[in-house]
Number of protein chains: 2
Amino acid sequence: MLKNNEFIDKLRSSGLRPTKQRLKLCKVLFNRSTTFHFTINDLKKQISEKLNEKISLATIYNTVHAFKKKGYLKEISINSDKSYFDTNTKIHHHFFDNSTKELIDINDNQVEKIKINTSLPGKKITSVEVLVKVENK
Amino acid sequence: MLKNNEFIDKLRSSGLRPTKQRLKLCKVLFNRSTTFHFTINDLKKQISEKLNEKISLATIYNTVHAFKKKGYLKEISINSDKSYFDTNTKIHHHFFDNSTKELIDINDNQVEKIKINTSLPGKKITSVEVLVKVENK
DNA sequence: AATATAGTTTATAATAATTCTAAAGAAGAA
DNA sequence: TTCTTCTTTAGAATTATTATAAACTATATT
């Protein structure tokens with residue numbers, strides 16, 4: 001459980017003003033024991049459920065993108081009508097449950113490290129993502 | 001280069017009536033030497049450019065989804081505002097060029113086969129996808 | 001402490017991909 | 001031909017996301 005002051009320092013040190021809204025979002029996003037996989041709508045719901053407050057939708061979008069840019073959140077590649085984000089920003093891979101539309105982390109020891117034996121001229125690799133899709137048996 | 005009759009047979013054998021629109025789409029999609037990675041908009045453009053004809057947008061969507069369901073097309077997992085499809089339905093992986101927003105096949109010998117040493121209770125794996133994102137150097 | 005400024009938040013409108021609808025049209029069977 | 005079922009279509013509806021521009025606030029400056 002991080003203190004408010006720690007969030008304030010973290011925000012300030014990355015050039016983001018520690019506003020009320022950002023601090024509330026930090027609480028909801030980062031004050032948890034396990035990683036959080038979410039869509040904007042999931043996040044919005046948790047803000048009202050956990051904090052019993054309201055942050056405008058535009059601010060939620062803005063902040064999530066700001067946090068992603070600063071490396072505090074990661075966007076996960078799924079072809080869905082919605083975007084998915086993850087509070088675990090380390091390189092790791094995912095199950096995507098098509099039945100529940102939920103993301104689940106794959107542990108490092110559960111999937112072999114991927115080796116790419118090629119490159120593209122003039123391009124640099126920015127990420128390597130493995131997505132294992134599952135559904136109910 | 002497949003003949004029209006071959007498309008007719010293929011469609012009929014999978015329970016799809018061989019309509020003018022579907023045959024035109026077959027021509028654009030499958031009468032090519034290399035695989036085709038496309039968005040609905042790309043496809044629409046090629047219909048007018050290659051065939052100089054027009055198929056309603058709803059039909060393009062309907063047909064692409066019907067072909068996907070029958071296994072003639074594959075949808076690729078990218079978090080983009082648009083959906084991407086691929087005429088190569090074999091298991092293979094992709095580069096996604098964030099600078100040009102293009103998909104490029106990764107050959108089988110260019111990426112190691114991924115081994116998953118885990119499973120989820122009550123779920124079955126439906127696909128394993130590797131996406132390598134690249135951008136201009 | 002008051003003031004200036006640059007960064008933020010907000011409600012709302014705009015955008016864009018996709019799906020829905022329901023009527024008209026076409027394919028295949030009888 | 002006629003009937004039934006499937007398909008196409010234009011346009012409306014839906015939905016996630018981004019843009020806009022005015023009100024607000026954190027912070028630095030005086």
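So that the names make sense, note that chain A is the first sequence line, chain B the second, and so on, each numbered from 1.
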In whole angstrom, what separates [X]'s [atom1] from [N]'s [atom2]?
X       : N      : atom1 : atom2 : value
B/Leu11 : C/dA27 : CG    : P     : 13 Å
A/Lys45 : D/dA16 : NZ    : C1'   : 15 Å
A/Lys24 : C/dT10 : NZ    : P     : 8 Å
A/Phe38 : D/dA16 : CZ    : P     : 16 Å
A/Ile8  : D/dT25 : CD1   : P     : 16 Å
A/Lys82 : D/dT18 : NZ    : C1'   : 17 Å
A/Leu43 : D/dA16 : CG    : P     : 14 Å
A/Asn79 : C/dT19 : CG    : C1'   : 16 Å

Under 4.0 Å from OP1 or OP2 of D/dT17: is there any side-chain N or O of A/Ser83 that close?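 Affirmative; the distance criterion is met.
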Could you tell me whether the phosphate oxygens of C/dT18, OP1 or OP2, come under 4.0 Å of any side-chain nitrogen or oxygen in B/Tyr61?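 Checking B/Tyr61 against C/dT18: at least one side-chain N or O falls below 4.0 Å of OP1 or OP2.
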Could you check whether B/Phe85 and B/Phe67 have their ring centres less than 6.0 Å apart? no
Testing the basics here: between B/Ile55 and B/Ile60, what is the closest heavy-atom pair and its distance to 0.1 Å?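 Closest approach of B/Ile55 to B/Ile60, heavy atoms only: O-CD1, 3.6 Å.
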Measure across A/Thr89 and A/Gly71 and return the closest heavy-atom pair with its distance rounded to 0.1 Å. CG2-O, 3.3 Å
Give the B/S/- string for nucleotides 1-10 of chain D, one per nucleotide from 5' to 3', where a protein heavy atom under 4.0 Å of the base yields B, of only the sugar-phosphate yields S, and otherwise -. ----BBSBBB
Between A/Glu135 and B/Lys123, does a salt bridge (Lys or Arg N to Asp or Glu O under 4.0 Å) hold up when you go through it step by step? CA-CA 5 Å; A/Glu135 62 180 33; B/Lys123 307 282 176 183; over 6 Å; no
If you count heavy atoms of other groups shown closer than 6.0 angstrom to NZ of B/Lys124, is the number above 12? yes
Examine distances only and state if a side-chain atom of A/Lys68 and a backbone atom of A/Glu75 form a donor-acceptor pair shorter than 3.5 Å.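 A pair under 3.5 Å: no.
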For the pair B/Thr126 (side chain) and A/Lys133 (backbone), establish whether a donor and an acceptor sit closer than 3.5 Å, ignoring hydrogens and angles. yes
Reading DNA chain C from 5' onward, which residue's closest nucleotide shows up sooner: B/Arg12 or B/Asn41? B/Asn41
